[in-house]
Amino acid sequence: MDFDESGSRLLTQEFIAVILAGFGNELTPLTYNHGEEPCPKALLPIANKPMLHYPLSWLEASGIRDVLLICPTAQKAAVTHYIRSDASTTAFPSLRIDLQVYGDTQDIKGETCAVLRNFAHKIKQDFVVLPCDFVPSPTFPLTRVLDKFRTEAPYDGSIATTCFHEWQKPEKGTSIEEWNSVPIPMPIVWDEPSGTLLHIDTPDDIDRNDSSIELNMSLLSSYPKVRMSAGMLDTHVYVCRRSILDVLHEKSSFDSLREEFIPWLCKPQYSRSKRRKYGSSLSPSSNSPSQGLALQHATLHTRSMQPSLHISSTSSAGEPRTAPSSPIDSEDDIEDRASLRVGIVVHRTQDGYASRANTLYSYLELNRHFLAQTSWTLPSDAESRAMIDSKAQISTDSMVGHTTKVEERTSIKRSVVGKHCIIGKMVKIVGCVILDHCVISDGAKLDGCILGKNTKVGTKAELVRCVTQAGFEVDAGETFRNDKLEVADWTATQESSEDNEDSGESTDGE
Amino acid sequence: MSPPSLPVQPPNGPNPDSRPPLKAQKEMTKAERRELQEKQRAAKAAAKTAGTSQPNQKPATKQPPVPIGSTGAPKKGGRPADPAPPRTPMLPAGRQPRDAKLVSTLAETGPMNARGLRIFSHFGLPKPVSLAKGDIHPVILRLALQFSDFKITGANARCIATLTAFKTVIQDYITPPNTTLSRHLMTHLSPQISHLVAARPMSVTMGNAIRQLKLEISGSDIDLPEQDAKNALCQKIDNYVRDRIMVADQVIEETAGSKIKDGDIILTYARSSVVEKVLLGAHSEGRRFSVIVVDSRPMLEGKRLLSVLTEADIQCSYLLLPALGSVITEVSMVLVGAHSIHSNGSVYSRAGTALVAMLAKQHSVPVVVCCETYKFSEGVQLDSFTKNELAPLGDKFASFPLTKPREALMLVNGPNLEILNPLYDLTPPTSISAVVTEVGVIPPNSISSIPLALGRLL
């Protein structure tokens with residue numbers, strides 16, 4: 001007799017979280033393979049914690065238990081290892097993570113819709129889509145977005161809630177063009193008092209007409225006073241009703257959730273034709289009793305809440321409704337007038353810094369943000385402390401990982417250094433992110449770089465604002481500026497290599 | 001050295017305003033005096049760290065917990081303040097609540113934050129619904145959010161919403177082994193009910209309905225298979241809603257509608273679901289009358305009623321409560337709804353109803369209260385001060401017009417300004433001419449003579 005089990009069975013899980021761990025095409029070369037092993041984007045560390053840690057601990061705090069984590073096939077082993085590890089089981093004890101794989105090749109970029117369609121059978125209730133790279137601010141709990149969805153979905157039939165955060169334009173000089181370009185956010189139109197997302201200008205719309213934004217007239221007649229902003233980035237956090245997956249199956253031409261499907265989803269709320277076509281599948285009448293009867297008796301609720309010019313399909317134009325429908329109404333009447341709204345929660349930067357780590361620039365920024373929050377002290381365990389030389393100068397706004405060896409007269413400023421690194425003498429590291437197991441020889445100078453795992457930097461080498469792939473080796477005395485350094489394929493080195501990008505050394509499957 | 005004497009305390013805890021009884025200085029040894037000094041110093045230091053609750057240091061004399069020294073330091077006792085936004089100043093200013101918990105060892109140092117409300121502080125301010133403790137069913141979670149956001153308001157609506165939610169909870173319930181549905185279901189429902197009450201205080205209608213539900217659950221047959229028992233319960237819930245709300249409303253609609261004659265001017269206050277049905281029903285019967293809708297801030301429910309009535313082609317006038325005196329002479333009948341009705345005949349309804357009723361009585365206008373029997377509360381209520389609820393501040397009552405900026409429609413708390421919006425008030429039975437229920441038209445005091453209202457079967 002297991003008395004505990006009955007407790008969990010008594011409660012149906014309200015939400016299931018779907019975390020999409022992609023390949024990280026914007027973060028190359030960090031996400032290129034390390035020899036044969038993949039470097040999953042989801043496990044790239046931010047402030048020495050793997051990226052996945054942040055959305056997972058966010059979920060843990062919000063009370064959602066079931067998580068469906070989807071990653072490319074190649075990364076399955078690494079991600080499984082992380083999920084089962086001690087660090088994660090202590091950090092999020094109550095999550096039940098189900099890892100699924102999808103896709104064989106690198107070409108699954110932007111195919112988030114296909115992923116969802118594939119796993120729709122595993123999703124039986126309302127769900128939350130999260131990216132693996134979103135780092136929320138500690139003052140922004142997921143329950144805020146969930147509560148908005150919970151209040152609105154039964155009340156007036158809203159179908160999804162999205163979340164946007166303010167985008168900070170990178171200052172001049174900090175973003176590097178040779179690295180991948182910083183994407184410009186898509187302009188959005190939303191209604192502030194009710195928190196309704198009305199329109200997202202997709203890249204397709206911009207292609208069609210790049211000098212103006214086209215808005216539907218019925219949108220404006222429903223919401224006469226809206227706000228528009230081109231400074232909001234989508235966090236890719238979507239809380240959706242289950243019925244959305246059915247519509248996703250119908251619209252099989254869509255590939256990307258963020259760029260195609262969600263902007264399309266904003267349309268049925270004001271577009272009469274789309275509402276007719278998709279209204280019944282978006283808000284199906286279900287067996288579970290809705291609060292329609294209670295809402296009829298509610299004193300602050302009127303059926304024609306939206307000051308819209310919609311004439312419900314049942315009554316003919318010009319004939320006023322003389323009497324209210326009988327008290328024991330059919331549920332369909334209520335669903336007809338379901339608003340099909342898409343809600344929006346806007347997170348302002350003044351409330352806390354939140355960002356997605358999907359470009360190199362934002363990855364670096366997030367690391368810098370966490371550095372500003374902590375202050376470094378000598379590590380407490382004696383083993384790590386012994387490895388750090390007393391004459392090394394490590395500034396307080398740096399982070400040095402576990403058992404990293406730092407030799408004398410090295411200075412580390414404003415940097416994140418990973419675990420098990422070996423840093424030699426007289427090394428200057430300023431504003432860098434160094435992942436685990438790197439070896440930096442004496443006299444090297446690193447400024448604003450991101451070094452992948454197992455990077456070896458030779459003596460007296462100089463790297464300014466470079467990104468290296470895992471396992472890259474920089475020869476002694478070499479200088480690189482503003483470069484993305486990738487390890488050449490060992491077959492390619494047989495040909496003469498004129499680019500100074502590759503130092504001509506092939507890795508041997510480490 | 002004589003053993004120290006036990007200070008006598010009143011049964012409800014130490015008198016908050018007086019200094020704790022100190023032993024005479026000469027009686028204490030030097031060590032004890034020094035300890036007392038340290039304690040007072042520590043208490044002062046603790047009082048400085050606002051918002052943290054310090055465990056009280058036991059007096060050296062090892063007596064049963066006497067909070068000496070620390071009751072002097074904090075200005076007000078109260079629950080430990082979470083670092084909540086100052087918008088929700090916590091409980092009692094100055095008076096320690098007669099709560100047994102607070103007399104225990106931990107006398108908390110009250111926070112030196114915003115002054116508490118001077119009056120109505122015992123209602124407590126609405127707290128934001130926090131993360132649910134324990135396993136709360138998602139339907140209840142959503143319902144609590146809708147209550148606290150004032151999306152579902154009104155006695156009938158809240159009761160129907162609660163019962164509908166409970167139907168889902170009951171259907172999803174699985175009896176654990178070694179117990180029966182009739183015994184365990186109630187313990188399963190209790191935390192859900194507490195969560196709802198935490199969102200917004202329970203209405204009398206909800207209370208009556210839940211009491212009836214408990215009766216049904218405990219009376220359910222042990223031998224029935226689980227699904228049948230659950231279906232039977234859901235059926236009973238449906239019957240309750242149908243009989244005591246829907247059908248009752250229909251009877252009231254006919255009875256009160258018959259009192260409306262052609263050419264009448266009916267006055268109603270705020271919005272009651274029953275009165276709305278009465279007016280629409282009478283209009284559909286072909287009677288020609290006009291309605292004056294009286295409304296008040298902050299909820300402005302009358303506007304919603306106005307939109308419904310005008311859509312039905314009823315002649316309406318709309319005014320705010322202060323303008324009532326100028327129209328009362330033209331009114332032929334006042335129709336209001338009720339949140340609940342008490343044994344002494346007083347009607348507990350939206351704040352402002354009492355004014356309307358008393359003014360109407362003064363001008364010899366009949367005041368008719370439309371109220372179903374399930375709204376009857378067995379208590380006696382003499383004023384609206386002991387039990388009431390405060391409306392939350394902020395943008396909860398989003399009302400039209402959408403074109404005006406939000407700030408113009410709201411008042412906010414300032415450093416010298418506290419906003420108080422009690423939601424309910426009490427109309428004395430002397431101002432009421434008649435109460436229309438589904439069992440007939442009765443004078444207000446005799447509601448307690450109806451067995452159905454008392455929950456007993458005929």
Side-chain angles (χ1 to χ4, degrees), chain A residues 1-15 61-63 125-126 141 143 146-156 191-194 222-225 287-307 320-324 326-328, chain B residues 129 131-132 135-139 141-143 145-146 149-154 156-162 164-165 167-168 171-174 176-178 188 241-242 245-246 249-250 270-273 276-277 280-281 283-284 299 301 304-305 307-308 311-313 395 397-398 400 402-403 406:
Chain A
M1 281 284 168
D2 187 0
F3 291 112
D4 280 331
E5 195 203 313
S6 59
S8 57
R9 277 192 307 151
L10 281 173
L11 185 66
T12 50
Q13 284 302 322
E14 188 185 359
F15 289 111
S62 73
Q125 64 265 63
D126 298 340
T143 38
L146 290 180
D147 279 346
K148 185 160 165 69
F149 179 76
R150 280 179 186 137
T151 333
E152 293 185 351
Y155 180 63
D156 62 356
D191 175 51
E192 183 122 7
S194 63
S222 310
Y223 294 94
K225 191 171 184 242
N287 282 334
S288 61
S290 73
Q291 296 289 9
L293 189 56
L295 282 175
Q296 281 179 10
H297 287 77
T299 54
L300 277 178
H301 173 83
T302 35
R303 251 162 289 149
S304 46
M305 276 277 286
Q306 308 286 35
R321 254 177 294 165
T322 47
S326 74
I328 318 205
Chain B
V129 180
L131 199 56
D135 282 335
I136 309 286
H137 196 283
V139 169
L141 274 177
R142 291 181 191 201
L143 190 60
L145 280 171
Q146 309 221 319
D149 269 353
F150 281 75
K151 296 263 194 289
I152 296 187
T153 51
N156 280 345
R158 284 209 278 161
C159 179
I160 297 175
T162 313
T164 316
K167 277 206 297 195
T168 315
Q171 285 295 357
D172 288 344
Y173 166 78
I174 300 178
N178 280 359
H188 175 64
V241 170
R242 187 197 64 207
I245 306 181
M246 297 302 165
D249 282 351
Q250 277 174 344
R271 185 183 184 192
S272 161
S273 48
E276 185 180 322
K277 290 185 192 176
L280 292 170
H283 184 80
S284 64
M299 292 181 78
E301 292 162 310
R304 320 276 176 162
L305 179 64
S307 64
V308 174
E311 230 179 329
D313 270 351
D395 201 6
F397 310 115
F400 25 134
L402 290 173
T403 44
R406 280 260 84 65

Heavy-atom distances under 4.5 Å only: say whether Leu305(B) touches chain A with side chain, backbone, both or neither. neither
Kindly determine whether Asp149(B) and Asp147(A) satisfy side-chain contact (heavy atoms from CB on, under 4.5 Å), including the steps that lead there. CA-CA 11 Å; Asp149(B) 269 353; Asp147(A) 279 346; over 6 Å; no
Partners passing salt bridge (Lys or Arg N to Asp or Glu O under 4.0 Å) against Glu152(A) (at least two apart in sequence or in another chain): Lys148(A), Arg341(A)
Identify the heavy atoms of Lys151(B) and Leu295(A) that sit nearest to each other, and give their distance. O-CD2, 4.4 Å
Let me know if Ala270(B) has heavy atoms under 4.5 Å from chain A in its side chain, its backbone, both or neither. neither
Could you walk me through whether Arg304(B) and Leu300(A) pass the side-chain contact (heavy atoms from CB on, under 4.5 Å) check? CA-CA 7 Å; Arg304(B) 320 276 176 162; Leu300(A) 277 178; 4.2 Å; yes
I need the minimum non-hydrogen distance between Arg271(B) and Thr299(A), along with the two atoms involved. NH1-O, 3.0 Å
CG/Leu141(B) to CD/Glu14(A) distance, rounded to the nearest 0.5 angstrom? 5.5 Å
Measuring from atom CD1 of Ile245(B) to atom CG of Leu293(A), what distance do you get when rounded to the nearest 0.5 angstrom? 8.0 Å
With His297(A) as partner, the option from Glu276(B), Arg158(B), Lys277(B) fulfilling side chain to side chain contact (heavy atoms under 4.5 Å, CB included) is Lys277(B)
Shortest non-hydrogen contact from Ile152(B) to Ala298(A)? CA-CB, 4.3 Å
